[in-house]
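The structure appears below as structure tokens.
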Amino acid sequence: MTETDKALLEGGPQELPERIVEISTPGEDLKIEFRNGYEHFRPTRREADTAQGRLPVYEWWERTEMAS
């Protein structure tokens, strides 16, 4: 594990402010808070070359709403 692991997010809302995010545990699903809900991303077997190096690709699979 590197000092700061990162992933490239693919899919989901176009308005997401960041497409490269820090991850705490590589290989586990990500939950990103966005607009009163959460965008969920799953790891894929793919990697992509980015300005920040070669990163694992996480693919959007669902959105859940926050409880009100």
Side-chain angles (χ1 to χ4, degrees):
M1 185 153 107
T2 62
E3 191 173 307
T4 303
D5 286 312
K6 295 182 180 183
L8 175 66
L9 303 181
E10 186 177 85
Q14 291 181 357
E15 301 84 19
L16 277 177
E18 308 256 345
R19 285 295 168 166
I20 295 178
V21 298
E22 291 184 10
I23 55 176
S24 56
T25 308
E28 288 190 4
D29 291 359
L30 295 177
K31 182 167 82 170
I32 308 291
E33 188 175 335
F34 183 68
R35 292 193 178 166
N36 202 37
Y38 295 98
E39 304 301 330
H40 298 266
F41 292 83
R42 289 186 172 158
T44 69
R45 294 179 181 236
R46 296 180 288 122
E47 294 184 338
D49 291 319
T50 73
Q52 297 187 34
R54 192 157 182 81
L55 300 175
V57 175
Y58 280 63
E59 187 173 67
W60 182 87
W61 66 280
E62 79 170 339
R63 173 178 174 76
T64 55
E65 299 291 326
M66 288 184 188
S68 19

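In this text the structure is predicted, and so the values were computed from the model without any measurement.
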Which heavy atom of [X] sits nearest a heavy atom of [Y], and at what distance?
{"X": "Glu33", "Y": "Tyr38", "result": "CA-CD2, 3.7 Å"}
{"X": "Ala7", "Y": "Ile23", "result": "CB-CG2, 3.8 Å"}
{"X": "Trp60", "Y": "Phe41", "result": "N-CD2, 3.3 Å"}
{"X": "Gln52", "Y": "Lys6", "result": "OE1-NZ, 2.7 Å"}
{"X": "Thr64", "Y": "His40", "result": "OG1-NE2, 2.8 Å"}
{"X": "Gln14", "Y": "Arg19", "result": "CA-NH2, 3.9 Å"}

Just verifying a value: how many Å separate [X] [atom1] and [Y] [atom2], rounded to the nearest 0.5 Å?
{"X": "Leu30", "Y": "Glu39", "atom1": "CG", "atom2": "CD", "answer": "12.0 Å"}
{"X": "Thr50", "Y": "Leu8", "atom1": "OG1", "atom2": "CG", "answer": "7.0 Å"}
{"X": "Leu16", "Y": "Arg35", "atom1": "CG", "atom2": "CZ", "answer": "9.0 Å"}

Heavy-atom distance under 4.5 Å between the side chains of Tyr58 and Val21, does that happen here? no
Does the side chain of Asp29 reach to within under 4.5 Å of the side chain of Pro43, using non-hydrogen atoms?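 They are in side-chain contact.
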Val57 with Ile20, same ILVMFWY side-chain cluster at under 4.5 Å: yes
Expected output: side-chain Thr44 to main-chain Glu59 donor-acceptor under 3.5 Å: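 Not confirmed, Thr44 side chain does not pair with Glu59 backbone.
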